[in-house]
Asks: 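Sharing a structure, written as structure tokens. Questions coming.
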Amino acid sequence: MTTEVSNEMIEASIPAESSISDAKRKLEVSSSPEPSSASKPKLSHSVSFIGGIDDVDVSPKGREEYASDIPSNAVNLCSASFGARVLFATDEWFAKADNLLKDSPPEFDEDAYCEQGKVMDGWESRRRREEGHDWCLVQLGVPYWTSAAPLSASTPASKLQLVGIELDTAHFTGNHSPQVSIEMATTVENPISVIEGLPNGVQRLLSGGRQGTGHTPTEVEQAQKAIDGLEFTEILPRTPLQPGHEQTRYHYFPLDEPMSLQGSTSDGDWAKAPTWVKLNYFPDGGVARMRFWATEVKEEEKEQEEPAAKKQKVTDTVSLYMPITTGPICTVVSHTTTTNSKEELPSIVAAKENLLEISSDVNGGKGVACSNKHYGEPWRLIQTTMGEGMWDGWETARHSHRPAVIQSCPKTKLMDTPLNDWAILKLGQTTSGVGIQKIILDTKHFLGNYPESILLEGCCHESSIEGDEESFWKSSSSSSKVKWFPLVSRTRMSPNAEHMFAKDQIQNAASPVTHVRLSTYPDGGCSRVRVYV
């Protein structure tokens, strides 16, 4: 059912006016007759950034190094206090996009966790496991004179100019978005129709985003169609971002030539033709804050703008990523569906079958080496207990060089990338006799950051290792001395579930094995690796 939008509904979503002058800064969407084509504005010039369009300066610098470049009378149009709103976001699993619009500095509590994982103060999407990339749509605010933003009291929104963009990746150290781009559509006419065409568009405008949600590929396609009629101009080309350490978190992009932000109506009412911004993540990740700095201008130009996209049906938000199911490859049992019956879990069944878990630490297993320890170490994989949280597993940082736009291999249907992280586990004893009977790979608690797929290999290396064991496995010399062979070929994973591979689903099950190597594509987290004889 399509939800009808009224001015009263839109006004109800706007914060109290407080010190901002009258109703001028409301984000009400007017149903007034459309202006004549002569008064319709259009972007009148291209925009380049420092160093030129192909050479954006992203060298790390403290904020004090560019703070003087932001005019003292500049206002942040991307501020919720001025009425900026997020209209759509492809995925908000770890943190909702509304956080981008906060005026307060990003906060971080190392002890704060929630159902989705670490609490982050910014917009963070889950690790993308489907084709495409993440993006969000923001309607800029309408600032008028305030004591904090000393523009002329009579300055209409149509007489502002954009002078620079600031992005802050604070606290996103292993999970920041490696690349972003920004597009802008000025003077969006008939925004009601476009908002109604966005999945959950009206509800989102009124209530804001919700953490722990994501849109299906079909809904993302619907959102893209809804905005296809708008004239977006790329104002920041695809640009790398630095991680959110204090010395690298700040990114400021001044415009070589300020961009006029123009209202479309003869009375200068911005609300009838707002400016929308599209922030693209390549392919996923997090950013803490986004700020659009603007100042007052004296002139305005108004040209024609194309009409917006037609209205589409509003649908409910559902989970974006669907788990694989039990089939010829493996048995998949979700922890969510076994809330009332843990007896269904393959790990519980294996214990009742009196199988020996030779990978576990209590039976002599050991985590010896891994490619990345950003969120955990490999020894956590071999605990006999169930994982208590994401912290109680092995999770890597997001690959900074992961594909900007996810694509699938036509043949395997898996993510088309060789990027992976790995962890090597030493078994408590060499498999022999009947060989490996069962393997369980558990992604418990990893809902938005599980691996897209995994590869599990084995080797038989019974020779003693001189010196540091971890250094040996990380060195090139180990590759010449150790022959790895597949146990579980690269297989798609599902979130928060046990994946059980029976003996007839395991390759080389009868071969002697002393170590196993878990490879996660392209990155992500796993709770437990269980190998049984």
Side-chain angles (χ1 to χ4, degrees), residues 89-97 113-120 122-136 169 171-180 211-217 220 241 243-244 280-287 319-324 370-376 387 389-391 393-408 413-423 441-455 490-497 499 518-527:
T90 54
D91 188 277
E92 297 173 283
W93 185 260
F94 289 116
K96 59 184 182 180
Y113 285 84
C114 61
E115 181 181 355
Q116 288 74 39
K118 187 73 190 71
V119 174
M120 297 299 294
W123 173 39
E124 184 183 2
S125 63
R126 73 187 94 186
R127 301 184 192 229
R128 193 165 187 85
R129 300 307 184 224
E130 304 293 338
E131 292 186 319
H133 64 90
D134 288 313
W135 56 272
C136 72
T169 59
H171 311 302
F172 288 94
T173 55
N175 49 349
H176 72 288
S177 182
Q179 299 179 70
V180 299
Q211 182 178 323
T213 60
H215 287 283
T216 65
V220 174
L241 297 183
N280 300 299
Y281 282 179
F282 294 103
D284 52 32
V287 170
S319 179
L320 176 59
Y321 301 115
M322 302 300 294
I324 64 169
C370 67
S371 60
N372 186 285
K373 300 180 181 179
H374 196 87
Y375 295 115
M390 285 186 293
W391 58 269
W394 173 60
E395 181 185 359
T396 68
R398 303 191 194 212
H399 266 294
S400 58
H401 300 298
R402 61 193 182 276
V405 178
I406 304 301
Q407 294 182 334
S408 297
K413 307 302 180 184
L414 297 173
M415 187 182 297
D416 191 10
T417 177
L419 284 177
N420 68 85
D421 281 307
W422 54 264
L441 303 175
D442 190 358
T443 57
K444 184 175 176 64
H445 300 298
F446 291 94
L447 285 83
N449 45 358
Y450 61 97
E452 184 264 353
S453 54
I454 60 89
L455 166 67
R490 185 174 168 184
T491 302
R492 183 68 190 265
M493 288 285 100
S494 54
N496 195 39
H499 308 71
L518 176 72
S519 298
T520 58
Y521 291 82
D523 48 38
C526 192
S527 180

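Here, residue 1 is the first one in the sequence, and each next residue gets the next number. All values reported here derive from a predicted model rather than from experimental measurement.
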Asks: Minimum heavy-atom separation for F446 to W394, with atom names?
Replies: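 Looking at all heavy atoms of both residues, the closest pair is CZ-O, 4.4 Å.
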Asks: Quick one: pull up CD in Q179 and CG in N280 and give me the separation to the nearest 0.5 Å.
Replies: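 Going from CD on Q179 over to CG on N280, the span is 11.5 Å.
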Asks: Is a side-chain donor or acceptor of N372 paired with a backbone partner of C370 at a separation under 3.5 angstrom?
Replies: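 No.
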Asks: Tell me, with the steps shown, if N496 and Y450 meet side-chain contact (heavy atoms from CB on, under 4.5 Å).
Replies: CA-CA 8 Å; N496 195 39; Y450 61 97; over 6 Å; no
Asks: Which heavy atom of V220 sits nearest to which heavy atom of H215, and what is that distance?
Replies: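 In terms of heavy atoms, the two residues are closest at CG2-CB, 4.0 Å.
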Asks: Would you say the side-chain atoms of E92 pair up with the backbone N or O of A97, donor to acceptor, closer than 3.5 Å?
Replies: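 It does hold such a pair.
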Asks: In Å, rounded to the nearest 0.5 Å, how long is the span from CE of M120 to CZ of F172?
Replies: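 The CZ atom of F172 is 4.0 Å from CE of M120, to the nearest 0.5 Å.
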Asks: Provide the closest heavy-atom pair for G285 versus R398 in the form atom of the first, atom of the second, distance.
Replies: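 Answer, listing the atom of G285 first, then R398: N-NH1, 3.1 Å.
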Asks: Hey, could you give me the CG/OG distance between D91 and S125, rounded to the nearest 0.5 Å?
Replies: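 One gets 5.5 Å once the value is rounded to the nearest 0.5 Å.
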Asks: Write down the atom of C114, the atom of Q211, and the distance for their closest heavy-atom approach.
Replies: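 In this case the closest contact between C114 and Q211 is SG-NE2, 3.1 Å.
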Asks: Looking at K373, H445, R127, H374, which one forms a side-chain hydrogen bond (donor to acceptor under 3.5 Å, both in side chains) with E395?
Replies: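 So the option named by the test is R127.
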Asks: Under 4.0 Å between a side-chain nitrogen and a carboxylate oxygen: does that hold for D523 and R126?
Replies: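 R126 and D523: not salt-bridged.
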Asks: Are R492 and L414 packed together at the side-chain level, in the sense that at least one heavy-atom pair is separated by less than 4.5 angstrom?
Replies: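 Answer yes - side chains close enough.
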Asks: If you measure from OG1 on T213 to CH2 on W93, what distance do you get to the nearest 0.5 Å?
Replies: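 Separation between the atoms: 8.5 Å.
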Asks: List the atom of D442, the atom of A497, and the distance in Å for their closest heavy-atom pair.
Replies: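 Here D442 and A497 meet closest at OD1-O, 3.3 Å.
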Asks: Between the side chain of S371 and the main-chain N/O of W422, is any donor-acceptor distance below 3.5 Å?
Replies: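 Between the backbone of W422 and the side chain of S371 there is a qualifying donor-acceptor contact (under 3.5 Å).
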Asks: Does a salt bridge link D284 with R402, judged by any charged N lying under 4.0 Å from a carboxylate O?
Replies: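 The answer is yes: the pair qualifies as a salt bridge.
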Asks: Decide yes or no on side-chain contact (heavy atoms from CB on, under 4.5 Å) for T443 and H499, but give the supporting numbers first.
Replies: CA-CA 8 Å; T443 57; H499 308 71; 3.7 Å; yes
Asks: State, yes or no, whether a side-chain contact exists between P451 and Y521 at a heavy-atom distance under 4.5 Å.
Replies: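 No. Closest side-chain heavy atoms not under 4.5 Å.
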Asks: Backbone N or O of L241 within a donor-acceptor pair of the H176 side chain at under 3.5 Å?
Replies: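 Present.
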Asks: Please step through side-chain contact (heavy atoms from CB on, under 4.5 Å) for the pair C526 and I454, ending with a clear verdict.
Replies: CA-CA 10 Å; C526 192; I454 60 89; over 6 Å; no
Asks: Side-chain contact, heavy-atom cut-off 4.5 Å: H401 with P178?
Replies: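 No, side chains not in contact.
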Asks: Between D421 and T520, does any side-chain donor sit less than 3.5 Å from a side-chain acceptor?
Replies: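 Checked: D421/T520 side chains show no N/O donor-acceptor pair below 3.5 Å.
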Asks: Hey, does the side chain of T173 reach the backbone of P243 with a donor-acceptor pair shorter than 3.5 angstrom?
Replies: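 Looks like no, no N/O pair under 3.5 Å.
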Asks: Are any side-chain N or O atoms of S408 and backbone N or O atoms of M415, one a donor and one an acceptor, separated by less than 3.5 Å?
Replies: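 The answer is no, because no donor-acceptor pair under 3.5 Å joins these two groups.
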Asks: How far does CG of L441 sit from OG of S494, to the nearest 0.5 angstrom?
Replies: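 Here the interatomic distance stands at 10.5 Å.
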Asks: Any side-chain heavy atom of N449 sitting closer than 4.5 Å to one from Y375?
Replies: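 No, side chains not in contact.
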Asks: Side chains of D134 and T90: any donor to acceptor distance under 3.5 Å?
Replies: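 Note: T90 and D134 side chains meet the donor-acceptor criterion.
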Asks: Has S177 got a side-chain atom pairing as donor or acceptor with G286's backbone, closer than 3.5 angstrom?
Replies: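 Checking the backbone N and O of G286 against the side chain of S177, no donor-acceptor pair under 3.5 Å is found.
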Asks: Decide if atom CD of Q407 counts as having more than 12 heavy atoms of other residues, nucleotides or ligands within a radius under 6.0 Å.
Replies: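 Incorrect, the count does not exceed 12.
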Asks: What pair of heavy atoms forms the shortest contact from G132 to P283, and how long is it?
Replies: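 Minimum heavy-atom contact is O-CB, 4.4 Å.
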Asks: Between W123 and Y281, is the ring centroid distance below 6.0 Å?
Replies: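 Yes, the ring of W123 comes within the 6.0 Å limit of the ring of Y281, centre to centre.
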